Amino acid sequence: MHFASDLAAGISQKNTRRRGLRGLALSAWIGLLPIAFWATAQQATAQQASLPQTSARYLINMHGLHVLTAAVSYRLGNNAYSGLAQVWTSGLLGLFVQTDMRMQGTGRFLPDGMAEPAEYDSAGTYNHEQSHLHMIYQGGVPRITVQEPPLDNREEVTPAERAGAQDVVALLVGLVHQLQTSHRCQEAPQKFFDGLRLSTLTMRNTGAERPPSGASKTWGAQAWTCNFVMQQVKGFKADSQFSKLRQPQLGRVWFEDIPNIGMSVVRIEIEHPKMGHIVMRLDATPTQSP
């Protein structure tokens, strides 16, 4: 991927890591939601249960060092999706920082292939401190029902500005769905909201190539690629007028059609303004289960 955003800001500056990683987390459903929403959620859950679940493990490297591991699973239907992931510290970083974060989301796919989220929840521990974010989507607008610790010393992102924004699960699952159905990334501008920050995302299809370090495994021969640019536009801390996080983040994503699995993300690269070059790569052949 050659464009970037707060997909990596969850591992950014030391003072904001705890809240940034909130965008990479999940927990059980929480909150008092309207009866109509629960009916929709239960129906979506029943539909998803009949779909196969794809599970995959990714290694996340910074400056060439393995620092995080992500376990991802999702169910994709023609009209609906559910996805969850768990991210924890690995390698030498685990000696200094202990992180165990999870995230979960559900929603549907629009006729143009874009994901429309219904609910998102993230929760976990960063260095023994708990965080929790829960959002529901009403009329395409993410509404926060739980935010711990509460928002402070940061500019507000208004409901009007959030309208049409996706969470990280919808964003990534939506990309997989687009490649599975059309072998293309959606190039229309998108918005991403992680509960704190609002970012814009622009994708561009860049053709096929052999992925870097492609091995003679079930994947590694030829990949479809999309470049992207993600840039935070709102939700900055009060004293961050000169923050590097205002800079565009460049990245690239590689997809491969893995036998018996389908189109899958095999690699993501991001140039983060504070963390530098970040690589997320598929570690083993994904599996499917009922």
Side-chain angles (χ1 to χ4, degrees), residues 1-25 58-70 85 87 89-93 96-97 99 101 103 122 124 126-127 131 133 151-157 161-162 165-172 175 185 187 189-204 206 212 225-254 265 267-281:
M1 289 183 162
H2 269 102
F3 295 83
S5 150
D6 278 348
L7 297 176
I11 340 168
S12 87
Q13 52 187 350
K14 188 173 182 180
N15 292 336
T16 58
R17 263 181 182 160
R18 181 170 63 248
R19 292 181 186 131
L21 279 168
R22 200 179 298 165
L24 293 173
Y58 293 86
L59 306 182
I60 301 173
N61 289 14
M62 296 181 192
H63 303 291
L65 298 177
H66 177 207
V67 295
L68 294 168
T69 300
V87 179
T89 46
S90 304
L92 291 175
L93 182 63
F96 307 99
V97 178
T99 295
M101 306 293 291
M103 66 182 175
S122 68
Y126 174 77
N127 257 10
S131 69
L133 171 71
L151 183 67
D152 65 339
N153 194 35
R154 186 182 292 271
E155 67 179 349
E156 179 187 4
V157 181
E161 291 169 330
R162 300 176 198 168
Q166 298 181 335
D167 54 68
V168 65
V169 173
L171 198 63
L172 295 177
L175 279 174
C185 293
E187 294 189 340
Q190 302 173 54
K191 292 195 290 186
F192 169 60
F193 180 63
D194 66 1
L196 294 173
R197 293 164 292 267
L198 180 70
S199 300
T200 58
L201 173 68
T202 304
M203 306 288 298
R204 186 174 72 248
T206 48
T225 64
C226 297
N227 287 356
F228 67 89
V229 178
M230 192 176 281
Q231 184 170 13
Q232 183 178 341
V233 294
K234 284 295 295 290
F236 292 100
K237 293 184 72 68
D239 58 352
S240 67
Q241 57 265 44
F242 302 111
S243 172
K244 291 182 178 180
L245 294 177
R246 294 179 180 272
Q247 301 173 7
Q249 300 177 45
L250 310 181
R252 170 172 285 190
V253 59
W254 288 259
V265 174
R267 187 181 183 94
I268 297 175
E269 292 190 16
I270 297 171
E271 296 296 336
H272 190 268
K274 283 189 170 291
M275 304 306 297
H277 190 66
I278 299 173
V279 177
M280 177 176 171
R281 59 185 175 86

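Everything numeric here is computed off the predicted structure, so don't read it as measured data. Heads up: numbering here begins at 1 and tracks the sequence.
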Residues T99, T89; criterion side-chain hydrogen bond (donor to acceptor under 3.5 Å, both in side chains); working and verdict: CA-CA 5 Å; T99 295; T89 46; 5.0 Å; no
Give the C-alpha distance, both sets of side-chain angles, the deciding distance and a yes or no for side chain to side chain contact (heavy atoms under 4.5 Å, CB included) between W254 and V265. CA-CA 6 Å; W254 288 259; V265 174; over 6 Å; no
Go through it in stages, so that I can follow the logic: the residues are L59 and M280, the test is side chain to side chain contact (heavy atoms under 4.5 Å, CB included), and I'd like the CA-CA distance, side-chain angles, deciding distance and then a yes or no. CA-CA 6 Å; L59 306 182; M280 177 176 171; over 6 Å; no
Step by step, would you call L175 with M203 a side chain to side chain contact (heavy atoms under 4.5 Å, CB included)? CA-CA 10 Å; L175 279 174; M203 306 288 298; 3.7 Å; yes
Evaluation steps, side chain to side chain contact (heavy atoms under 4.5 Å, CB included), between E187 and C226: CA-CA 9 Å; E187 294 189 340; C226 297; over 6 Å; no
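Put simply, the side chain of H272 never gets that close to the backbone of L250: no donor and acceptor are under 3.5 Å apart. H63 contributes no side-chain N or O that, together with a main-chain N or O of L65, makes up a donor-acceptor pair within less than 3.5 Å. Side chain of R162 to backbone of V157: a donor-acceptor contact under 3.5 angstrom is found. Not one N or O on the side chain of R197 forms a donor-acceptor pair closer than 3.5 Å with the backbone of G235. The closest donor-acceptor contact from the side chain of Q190 to the backbone of L201 lies at 3.5 Å or more, if one exists at all. Checked by atom type and distance alone, the side chain of T206 pairs as donor or acceptor with a backbone atom of T225 at under 3.5 Å. Side-chain atoms of E155 come within 3.5 Å of backbone N or O of F236 as a donor-acceptor pair.
Atom-to-atom distance recorded for D194:CG and L133:CG is 8.0 Å, nearest 0.5 angstrom. Annotation: the span from M275 atom CE to I270 atom CD1 amounts to 11.5 Å, rounded to 0.5 Å. Annotation: the span from I268 atom CD1 to I60 atom CD1 amounts to 8.5 Å, rounded to 0.5 Å. Note: Q166 CD to L172 CG = 9.5 Å, rounded to the nearest 0.5 Å. Considering CD of Q231 and OG of S199, their distance stands at 8.5 Å, rounded to 0.5 Å.
Nearest heavy-atom pair, E269 versus P212, reported as atom, atom and distance to 0.1 Å: OE2-CG, 4.0 Å. A pairwise comparison of heavy atoms in L171 and F192 identifies CD2-CD1, 4.1 Å as the closest pair.
Residues passing the salt bridge (Lys or Arg N to Asp or Glu O under 4.0 Å) test with E161, sequence neighbours excluded: K234.
Annotation: cation-pi pair R281/Y58 absent, no NZ/CZ under 6.0 Å from the ring centroid and within 45° of its normal.
In this structure the side chain of L196 reaches within 4.5 angstrom of the side chain of R154, judged on heavy atoms. Contact of the I278 side chain with the E271 side chain is not registered, since no non-hydrogen atoms from C-beta on lie closer than 4.5 Å.
Counting only N and O atoms by type, the side chains of S90 and T69 include a donor and acceptor under 3.5 Å apart.
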